[in-house]
Amino acid sequence: MTKNNLKGKITFTKNWNQKLQCDYFTTIRRYPKKIGQTYNIYLQDTFLFEAVVIDCQPITLNQLTHKTYLCYLDTGMSPQDTVNLLQKMYPSNNDTMTLYVVLLKRRADTSV
């Protein structure tokens, strides 16, 4: 199956915690994603599969430091290391800036 160029695109620079092998996975993003929207998922420049947004919840970096389970599942790192990583990804970020935890479900019929 090939990618659908009309869909949105979510790109990962790294397969954090090997989450892109899972049927359900999260990503922490600067902007919200619409529930029900389908996205083409890329690892760097390589198309992997399509995924549908199941949920999208706001969170601040300060709140993230208290979500140990989320940090380890999303990045494979501690809350403080996850916050440090996000501060590097989003340099203008501060402890109260809103990010979004996006839960996605892989579409089984779209893998390469």
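All values reported here derive from a predicted model rather than from experimental measurement.
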If you round to the nearest 0.5 Å, how far is [atom2] of [Y] from [atom1] of [X]?
| X | Y | atom1 | atom2 | value |
| --- | --- | --- | --- | --- |
| Cys71 | Asn17 | SG | CG | 11.0 Å |
| Leu85 | Ile28 | CG | CD1 | 8.5 Å |
| Leu73 | Lys67 | CG | NZ | 13.0 Å |
| Ile10 | Arg29 | CD1 | CZ | 5.5 Å |
| Thr27 | Ile41 | OG1 | CD1 | 8.0 Å |

Can you tell me if Lys19 uses its side chain to pair, donor with acceptor, with the backbone of Thr26 under 3.5 Å?
-> yes

Got a donor-acceptor contact below 3.5 angstrom from the Arg30 side chain to the Thr98 backbone?
-> yes

When you group the ILVMFWY residues by side-chain heavy-atom contacts below 4.5 Å and let the links chain together, are [Y] and [X] in the same group?
| X | Y | result |
| --- | --- | --- |
| Ile35 | Phe25 | yes |
| Leu99 | Met77 | yes |
| Leu43 | Leu104 | yes |
| Tyr31 | Met97 | no |
| Val83 | Val101 | yes |

More than 12 heavy atoms of other groups within 6.0 Å of Lys105 NZ | no

Centre of Tyr42's six-membered ring, under 6.0 Å away, within 45 degrees of the axis: is that where NZ or CZ of Lys9 sits?
-> yes

Report yes or no: is the cationic atom of Arg106 (NZ for Lys, CZ for Arg) closer than 6.0 Å to the six-membered ring centre of Phe49, at no more than 45° off its axis?
-> yes

For Tyr39, enumerate each residue passing the ring pair (Phe, Tyr, Trp, His ring centres under 6.0 Å) test, keeping only those at least two apart in sequence or located in another chain.
-> none

Please report the shortest heavy-atom distance between [X] and [Y], naming the atom on each side.
| X | Y | result |
| --- | --- | --- |
| Gln44 | Thr11 | O-CG2, 3.3 Å |
| Tyr24 | Leu103 | CB-CD1, 4.4 Å |
| Thr65 | Pro79 | O-CB, 3.6 Å |

Report all side-chain donor-acceptor pairs from residues 54-62 shorter than 3.5 Å, counting only partners two or more places apart or in another chain.
{"residue": "Asp55", "atom": "OD1", "partner": "Gln57", "partner atom": "NE2", "Å": "3.0"}
{"residue": "Thr60", "atom": "OG1", "partner": "Gln63", "partner atom": "N", "Å": "3.1"}
{"residue": "Thr60", "atom": "OG1", "partner": "Gln63", "partner atom": "OE1", "Å": "3.4"}

Do the non-hydrogen side-chain atoms of Leu48 and Phe12 ever get within less than 4.5 Å of each other?
-> no

What pairs with Thr38 under side chain to side chain contact (heavy atoms under 4.5 Å, CB included), at least two apart in sequence or on another chain?
-> Lys7, Glu50, Val52, Arg107

